[in-house]
Amino acid sequence: SKGEGGGAGAGGEAGARILSPGTITVAYCSTTGTCGGFAERLHRRLQDRIDDASSSVSARRGRRRQSQIVRVSELDWWDELVNNEDEAADGPGGKDGQPPVLLL
């Protein structure tokens, strides 16, 4: 669902916009639970990798990545992809140069 911060989230949590610099978003659609289970495992692995890298040089410079998971149906695609107010301020890739990643 959409959080008060205007970004994608799962389980009612506010998350970052999918185009936020340094954000990895796993978006899924699941009827039987198979894709949902795969998405959860993928998200956990991504988060483990991010946590392992948190002590790296780029993380100490404030270039830390974040990950989030969201159902495709919970995204407001128009708002997420077209109305990206932050891009004008940050430029392509954001202030730290880390582009967003969207995995469907």
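Not measured: the values here are computed from a predicted model. Note that the numbering runs from 1 along the sequence shown for the chain.
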> Going by heavy atoms in the side chains, are Gln68 and Thr23 under 4.5 Å from each other?
Replying inline: yes
> About how many Å separate CD of Gln47 and CZ of Arg65, when rounded to the nearest 0.5 Å?
Replying inline: 12.0 Å
> Partners of Trp78 by side chain to side chain contact (heavy atoms under 4.5 Å, CB included), sequence neighbours excluded?
Replying inline: Asp76, Val82, Asn83
Solution key, residues 27-36 side-chain donor-acceptor pairs under 3.5 Å, sequence neighbours excluded:
unit_1 : atom_1 : unit_2 : atom_2 : d
Ser30  : OG     : Gly33  : N      : 2.9
Ser30  : OG     : Gly36  : N      : 3.1
Thr32  : OG1    : Thr34  : OG1    : 3.3

>> Show me the pairs that pass side chain to side chain donor-acceptor pair (under 3.5 Å) and involve residues 36-45, at least two apart or across chains.
In response: His43-Ser67
>> Could you check whether any side-chain heavy atom of Leu19 comes within less than 4.5 Å of a side-chain heavy atom of Glu80, counting everything from C-beta outward?
In response: no
> Looking at Val70, Leu81, Thr25, which one forms a side-chain contact (heavy atoms from CB on, under 4.5 Å) with Leu75?
Replying inline: Val70
>> Determine whether Trp77 and Ile18 satisfy the following criterion, side-chain contact (heavy atoms from CB on, under 4.5 Å), listing intermediate values before the conclusion.
In response: CA-CA 10 Å; Trp77 291 98; Ile18 62 174; 3.9 Å; yes
> Should Leu103 and Leu46 count as side-chain neighbours, where that means a heavy-atom distance under 4.5 Å?
Replying inline: yes
